[in-house]
Amino acid sequence: MSFDRVAGLAESARALAAGEVTSRALVEEALARIGATQGSTASSLNAFRIVRAEAALAEAEAADLELAAGVRKPLLGVPVAVKDDMDVAGEPTAFGCAGEHPPVAEDGEAVRRLRAAGAVIVGKTNTCELGQWPFTEGPAFGATRNPWNPEHTPGGSSGGSAAAVAAGLVPAALGSDGAGSVRIPAAWTHLIGIKPQRGRISTWPRAESFNGITVNGTLARTVADAALLLDSAAGNHALDPHRPPAVEALAAVGRDPGRLRVALSLKPPFTALPARLSPEVRARVVELADRVAALGHDVEEADPPYGQIGLAFVPRAAAGVAEQVREAPFPELLDRRTREAARLGRLLAGAPLRAARRAEAALHRRIGAFFTTYDVILAPTTAAPPPRVGAMLELSSLATDRAMIAACPYAWPWNVLGWPGVNVPAGFVTGGLPVGAQLLGPADSEPLLIGLAAQMEAELRWHEAWPPHRPSDRHPGPAPADST
């Protein structure tokens with residue numbers, strides 16, 4: 001196989017099964033590419049918090065023995081990464097926070113399932129503190145940068161996973177999405193980002209993450225790779241409260257979605273602070289809608305009846321921060337904005353949180369009725385292109401909220417609803433910065449959204465574009481030692 005371009009997830013799995021390459025070779029190359037991009041300089045991507053060099057090489061050698069013995073698993077021997085809010089046995093889970101965190105004893109359920117599928121976890125990717133913001137920076141690890149333009153953020157909070165995949169350090173990665181934290185960095189790094197139905201990929205050892213608004217999802221360069229990773233990580237722990245019926249995501253990639261009724265929704269959901277869609281982002285999303293229409297779908301402008309959905313989001317998010325802060329081993333090292341969010345969360349954790357949870361059923365009925373007229377919503381993923389590194393790092397809580405809402409007002413309602421959404425690339429704006437659009441559907445609609453995204457990808461070939469700022473595949477730097 002050629003290494004002019006980093007092979008994707010499915011292609012790597014196929015080549016391993018065919019004996020064209022070894023897992024050790026793939027993992028060594030991934031570690032070398034990671035090593036060439038780690039660090040705190042303005043040209044470093046700095047996508048990883050933890051690099052499992054020694055452990056990953058040992059796991060690769062074990063995978064090669066299984067492959068030689070004829071064992072076949074969906075991801076046997078393929079290197080992947082996971083976000084540093086997920087437990088990997090023997091490694092700390094810092095979740096963007098400063099301090100020397102102790103190693104955990106067991107894999108989280110999503111990681112356990114990836115291992116069962118044969119994947120080699122090469123490392124844990126950077127995320128902002130407790131996943132709160134659409135940038136990936138902080139005193140604990142520095143700044144993670146966007147491979148399309150390192151002066152800009154890859155987004156957040158799954159920015160490390162997005163940067164790693166966009167730059168070709170790994171073929172795919174897991175992230176988590178509590179207010180767009182998979183879809184936003186996918187949009188800003190030209191990737192597919194799948195936010196699945198709540199419970200599709202377990203968040204165990206948390207029965208619910210951030211009171212059910214946060215789910216685990218996948219980032220990859222192609223729809224098929226994102227779907228394959230979803231199938232491999234999907235499933236439930238015995239104590240999970242949300243257990244949606246199984247879907248076959250990868251099988252949907254080659255399936256004709258039929259003629260769909262698509263609602264182009266450009267109006268931001270109601271927020272207490274103003275949000276305005278950038279003209280450049282609007283133009284890219286409208287152009288994408290035109291391409292969807294050219295594929296034979298019926299597209300018209302229409303906005304779902306969101307109403308005051310924000311009232312159902314804030315208590316769940318803030319109370320979730322308060323819960324995380326209570327468990328933090330080094331609370332004195334937390335960002336002042338985190339401590340302020342936790343104080344608000346403690347105030348909202350009683351009756352307001354219960355009311356917010358009860359409101360979900362009514363929102364399902366009201367917004368679900370929209371899907372009797374339309375099959376899919378096509379909306380901007382963000383209102384603006386990625387900000388510059390450092391633009392939000394030192395802001396006050398109110399200024400951070402204003403900046404977040406101005407840039408990212410579109411993604412979070414689907415976290416309240418718990419329904420699937422898929423970011424697809426929408427092109428580029430000034431400065432060569434990527435932007436994206438999201439396909440949104442009702443409960444258990446991953447196959448429909450994935451089928452449409454794959455149809456669009458076959459026409460638009462967005463995965464053929466690579467960022468200019470990424471390591472050479474032919475002359476990688478040295479492999480890093482294990483790091484934390």
Side-chain angles (χ1 to χ4, degrees), residues 8 10 183 186-187 190-197 217-218 220-228 230-231 247-267 277 279-306 367-382 410-411 413-414 417 419-429 434-465:
R183 290 163 289 156
H190 198 67
L191 296 178
I192 304 299
I194 300 178
K195 173 217 171 298
Q197 176 77 15
T218 64
R221 291 180 49 80
T222 69
V223 178
D225 282 354
L228 173 58
L230 174 56
D231 281 342
V247 298
E248 294 182 344
L250 186 58
V253 170
R255 189 181 304 144
D256 185 348
R259 184 170 181 169
L260 300 175
R261 302 163 299 169
V262 179
L264 173 61
S265 177
L266 299 173
K267 181 180 178 182
L277 179 58
E280 279 195 294
V281 176
R282 187 186 194 281
R284 298 293 85 76
V285 175
V286 169
E287 289 168 4
L288 191 64
D290 290 342
R291 301 298 293 270
V292 170
L295 290 171
H297 303 293
D298 298 319
V299 180
E300 64 180 42
E301 286 198 41
D303 298 307
Y306 287 119
I367 298 173
F370 188 77
F371 289 101
T372 62
T373 304
Y374 300 99
D375 301 303
V376 176
I377 296 169
L378 172 65
T381 303
T382 70
Y410 287 98
W414 245 245
L417 297 166
W419 293 345
V422 177
N423 177 80
V424 296
F428 299 87
V429 298
V435 294
Q438 51 182 341
L439 305 174
L440 303 171
D444 304 316
S445 60
E446 289 100 329
L448 177 66
L449 303 180
I450 287 168
L452 176 57
Q455 185 186 53
M456 295 165 67
E457 179 179 85
E459 175 72 17
L460 299 173
R461 312 293 297 173
W462 50 53
H463 55 287
E464 295 177 355

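Numbering starts at 1 and runs along the sequence shown.
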Tightest non-hydrogen contact, residues T222 and D225, listed as OG1-N, 3.1 Å
_For a side-chain contact (heavy atoms from CB on, under 4.5 Å) check, start with the C-alpha distance between I367 and W414, then their side-chain angles and the critical distance, and finish with the verdict._
CA-CA 10 Å; I367 298 173; W414 245 245; 4.2 Å; yes
Could you check L288 against V424 for side-chain contact (heavy atoms from CB on, under 4.5 Å), going step by step and ending with a plain yes or no?
CA-CA 10 Å; L288 191 64; V424 296; 3.9 Å; yes
**Message:** What I'd like to find out is whether the side chain of L264 reaches to under 4.5 Å of the side chain of V285, using heavy atoms alone.
**Reply:** yes
Closest non-hydrogen contact found for L449 with L439 is CD1-O, 3.6 Å
- Just by modelled atom types, is the P304 backbone N or O under 3.5 Å from a matching donor or acceptor in the K267 side chain? no
Problem - side-chain contact (heavy atoms from CB on, under 4.5 Å) assessment of L440 paired with V376 - result: CA-CA 6 Å; L440 303 171; V376 176; over 6 Å; no
In this structure, CG of L295 is separated from CZ of R259 (nearest 0.5 Å) by 12.0 Å
Counting N and O atoms only, with roles assigned by atom type, does the side chain of D231 sit under 3.5 Å from a partner on the main chain of A249, one being a donor and the other an acceptor? yes
I'd like to know if R261 pairs up with D375 as an ion pair, taking the criterion as any Lys NZ or Arg NE/NH1/NH2 lying under 4.0 Å from an Asp or Glu carboxylate oxygen. yes
- Query: Sub-3.5 Å donor-acceptor pair from the side chain of E301 to the main-chain atoms of L266, do we have one?
  - Reply: no
Under 3.5 Å donor-acceptor, R221 side chain and H190 backbone: no
**OP:** Check for a donor-acceptor pair, side chain of W462 on one end and backbone N or O of L191 on the other, with a separation under 3.5 Å.
**Re:** no
**Prompt:** How about E280: does its CD atom have over 12 heavy atoms from other parts shown lying under 6.0 Å from it?
**Reply:** yes
Within-4.5 Å side-chain heavy-atom neighbours: Y374 and D298:
no
So CG of L230 and NZ of K195: to nearest 0.5 Å the spacing works out to 11.5 Å
Checklist entry - Ignoring hydrogens and geometry, is there a side-chain-to-backbone donor-acceptor pair from Q438 to A379 under 3.5 Å? => result no
Tightest non-hydrogen contact, residues A226 and I192, listed as CB-CG2, 3.8 Å
Heavy atoms of S265 and D303 approach each other most closely as OG-OD1, 2.7 Å
For E459 and R291 the tightest heavy-atom approach is OE2-NH2, 3.6 Å
TODO: Check for a donor-acceptor pair, side chain of H297 on one end and backbone N or O of L260 on the other, with a separation under 3.5 Å.
DONE: yes
Would you call V435 and T381 a side-chain contact if the rule is heavy atoms closer than 4.5 Å?
no
Smallest heavy-atom separation, A443 atom then Q197 atom, equals CA-OE1, 3.4 Å
Rounded to the nearest 0.5 Å, the CZ atom of R255 sits from the CG atom of L250 at a distance of 10.0 Å
Would you please test Y410 and T382 for side-chain contact (heavy atoms from CB on, under 4.5 Å) and show each step?
CA-CA 6 Å; Y410 287 98; T382 70; 5.8 Å; no
- Is the backbone of A411 close enough, under 3.5 Å, to the side chain of R183 for a donor and an acceptor to pair up by distance? yes
